[in-house]
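The next block holds one structure in the form of structure tokens; read it before the comments.
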Amino acid sequence: MTYDVGALRAQFPALRAGTAHFDGPGGTQIPESVIAAIADAMSNPLSIRGAEVLGETNAETIVQEFRQAMADLLGAAASGIVLGRSATQLTYDFSRVLARTWAPGDEIVVSRLDHDANIRPWLQAAERTGVHVRWADFDPATGELPAAAVGAVLSDRTRLVAVTAASNLIGTCPAVAEIADLVHRSGALLYVDGVHYAAHNFVDVTQLGADFFVCSPYKFFGPHHGVLAASPELLETLRPDKLLPSTDAVPERFELGTLPYEFLAGTRAAVDFLAGLATGAAVAGDRRDRLRSAYAAVERHETALRERIEKELSLLEGVTIHSRAAERTPTLLLTFADHSATRAYHFLAQLGVHAPAGSFYALEASRHLGLGDSGGLRVGLSPYNDASDAERLLEGLTTFLAS
């Protein structure tokens, strides 16, 4: 199995502008095949889904291919794949639906490690329904969120636990499967934010034990929208608000209005692109098998590059790396003893290096780290980053710290 980062980079028109992108956690660049799939969908007849004329069948095919592609990516059932405008929108929608099953005196659990999109919708739903909120705290010294920290705040009144599979701020990957076991033993449901996780890790929602798993294709080379995976049987028990004439079938009952067919075509193409990242005689099988091999190759590449960057950063005086968990994505949060992260971001930008600064909507995590709302400089790797990107970043930070 081989991984050719040079050949990979050649497929991204945006990289020809010369920027070294370390902003992958906020969204990746788009390969030519995804752009072509979007254009192809929009260049051919499209109508409301149906089975008679070409526009109808094109739309139906796009939707079904999208659901199957995301099912292959996540290890889920195609009939349990729900489209949303974003992961945030999906979480708000499902928080409102699930809150209908709660009663005063019930409890939910949220984590300080999470993006606010997996905290605020639940807090607001709890406030409306009189449900008590309990917090699971991560260790700011290690960045770890042990399963025991979640288990300690569970009770027989817990109805739902919301937790991230990977922190978009510091990269920590909690032991979700262990957390799921504790959650399900308490009789609660587990809602997993996999937005950052799915960009770097092979996902199996069943093995993770996630009742709901949400992700965003634009974090892994696709268009800007969100996807939720759940078992069709679980979705059948939930009754969202919907228009009277719209279908009550699952998963369509959760999808409002006409779907963005061109984006669904792009997402199918993004999954196929991911499946092709690993090449060689050893790579065979169906799309799910190829995705497994591709993610393994991506992880080796990203880990080697992250370790190189970390080693060099450790030699720079006044740099603190807050990403410390044993299991984590290739995501580094940095602060500086005598310089602000925002200044570092602006300095690097002038050099054509995009490493943004902030808390990136992970407000609770940033505050728990003692960084307030300002956070730090985030260096997030993507599969197309290479050694030259790393050199430009390190040279830029060295010059900045000497200024």
Side-chain angles (χ1 to χ4, degrees), residues 2-44 46 58 62 65-66 69-70 73 85-87 168 195-196 198-200 215-227 260-280 283 287 290-291 294-295 297-299 301-302 305-306 309 329-331 345 348-356 360 378-393 395-396:
T2 59
Y3 187 85
D4 188 339
V5 69
L8 174 65
R9 289 174 62 84
Q11 299 180 66
F12 288 81
L15 297 184
R16 297 167 197 160
T19 301
H21 285 276
F22 293 96
D23 58 332
T28 54
Q29 305 306 306
I30 307 297
E32 289 172 334
S33 60
V34 174
I35 297 168
I38 295 170
D40 184 64
M42 300 184 77
S43 300
N44 285 290
L46 278 177
N58 282 347
I62 286 171
E65 288 183 349
F66 154 75
M70 287 304 304
L73 183 75
R85 190 185 67 79
S86 66
N168 74 308
V195 171
H196 189 54
H200 302 284
C215 65
S216 300
Y218 71 97
K219 308 290 186 175
F220 46 84
F221 312 135
H224 287 76
H225 64 84
V227 173
Y261 303 124
E262 64 278 11
F263 280 7
L264 303 193
T267 295
R268 188 272 308 156
V271 174
D272 284 335
F273 184 83
L274 275 168
L277 288 185
T279 59
V283 180
R287 182 162 53 192
R290 287 182 283 115
L291 283 163
Y295 271 99
V298 167
E299 182 178 8
H301 170 73
E302 291 180 333
L305 202 56
R306 170 182 63 81
I309 293 171
T329 63
T331 306
Y345 157 55
L348 291 171
Q350 296 303 310
L351 303 176
V353 176
H354 188 187
F360 307 100
R378 186 175 66 182
V379 176
L381 300 180
S382 297
Y384 46 66
N385 285 120
D386 63 5
S388 68
D389 287 341
E391 286 299 323
R392 291 172 64 188
L393 171 74
E395 289 174 4

**Report entry** Arg16/Glu32 ion pair, N-O < 4.0 Å
**Finding:** yes

Query raised in the report: Quick check: does any side chain N or O of Arg287 sit under 3.5 Å from a backbone N or O of Ala275, one acting as donor and the other as acceptor?
Result: no

Report task. Over 60° means perpendicular and under 30° means parallel, so classify the ring planes of Tyr218 and His224, tilted if in between. Result -> parallel

Report task. Check for a donor-acceptor pair, side chain of Asp40 on one end and backbone N or O of Ala36 on the other, with a separation under 3.5 Å. Result -> no

**Report entry** Heavy-atom side-chain contact between Asp272 and Ser33 under 4.5 Å
**Finding:** no

Requested in this report: Sort out for me which residue in Phe12, Phe220, Tyr3, Phe273 forms a ring pair (Phe, Tyr, Trp, His ring centres under 6.0 Å) with Tyr384.
Outcome: Phe12

Report task. Kindly indicate whether the side chain of Ile38, heavy atoms from C-beta on, has any atom under 4.5 Å from the side chain of Pro223. Result -> yes

Query raised in the report: Counting only heavy atoms not in Phe360, do more than 12 sit closer than 6.0 Å to its CZ atom?
Result: yes

Query raised in the report: Under a 4.5 Å cut-off applied to non-hydrogen side-chain atoms, are Val298 and His301 in contact?
Result: no

Requested in this report: Write down the atom of Val227, the atom of Pro217, and the distance for their closest heavy-atom approach.
Outcome: CG2-CG, 3.9 Å

Report task. Determine, step by step, whether Leu381 and Ile309 satisfy the side-chain contact (heavy atoms from CB on, under 4.5 Å) criterion, reporting the C-alpha distance in whole Å, the side-chain angles of both residues, the deciding distance to 0.1 Å, and the verdict. Result -> CA-CA 10 Å; Leu381 300 180; Ile309 293 171; 4.0 Å; yes

Requested in this report: Please indicate whether Glu262 has more than 12 foreign heavy atoms, meaning atoms of other residues, nucleotides or ligands, lying under 6.0 Å from its CD.
Outcome: yes

Requested in this report: For Phe66 and Val271, run side-chain contact (heavy atoms from CB on, under 4.5 Å): C-alpha distance rounded to whole Å, both residues' side-chain angles, the deciding distance at 0.1 Å, then the answer.
Outcome: CA-CA 9 Å; Phe66 154 75; Val271 174; over 6 Å; no

Query - Verdict with supporting geometry, Arg268 and Ile62, side-chain contact (heavy atoms from CB on, under 4.5 Å) - result: CA-CA 8 Å; Arg268 188 272 308 156; Ile62 286 171; over 6 Å; no

Query raised in the report: Are the side chain of Ser216 and the backbone N or O of Val195 linked by a donor-acceptor pair below 3.5 Å?
Result: no

Requested in this report: Check the pair Gln29, Ser382 against side-chain contact (heavy atoms from CB on, under 4.5 Å), reporting the backbone distance first and the verdict last.
Outcome: CA-CA 9 Å; Gln29 305 306 306; Ser382 297; over 6 Å; no

Report summary line: Correct closest heavy-atom pair for His200 and Glu302 would be ND1-OE1, 2.9 Å

Report task. Of all the heavy-atom pairs spanning Leu277 and Ala294, show the shortest one and how long it is. Result -> CB-CB, 4.0 Å

Query raised in the report: Does Pro25 offer a backbone N or O that forms a donor-acceptor pair with the side chain of Lys219 under 3.5 Å?
Result: yes

Query raised in the report: Between Thr267 and Phe263, is there a donor-acceptor pair closer than 3.5 Å when you use the side chain of the first and the backbone of the second?
Result: yes

Requested in this report: Return the minimal non-hydrogen interatomic distance between Phe221 and Ile30, and the atom names on each side.
Outcome: O-CD1, 3.6 Å

Query raised in the report: Do any N or O atoms from the side chain of Arg378 and from the backbone of Asn168 form a donor-acceptor pair under 3.5 angstrom?
Result: yes

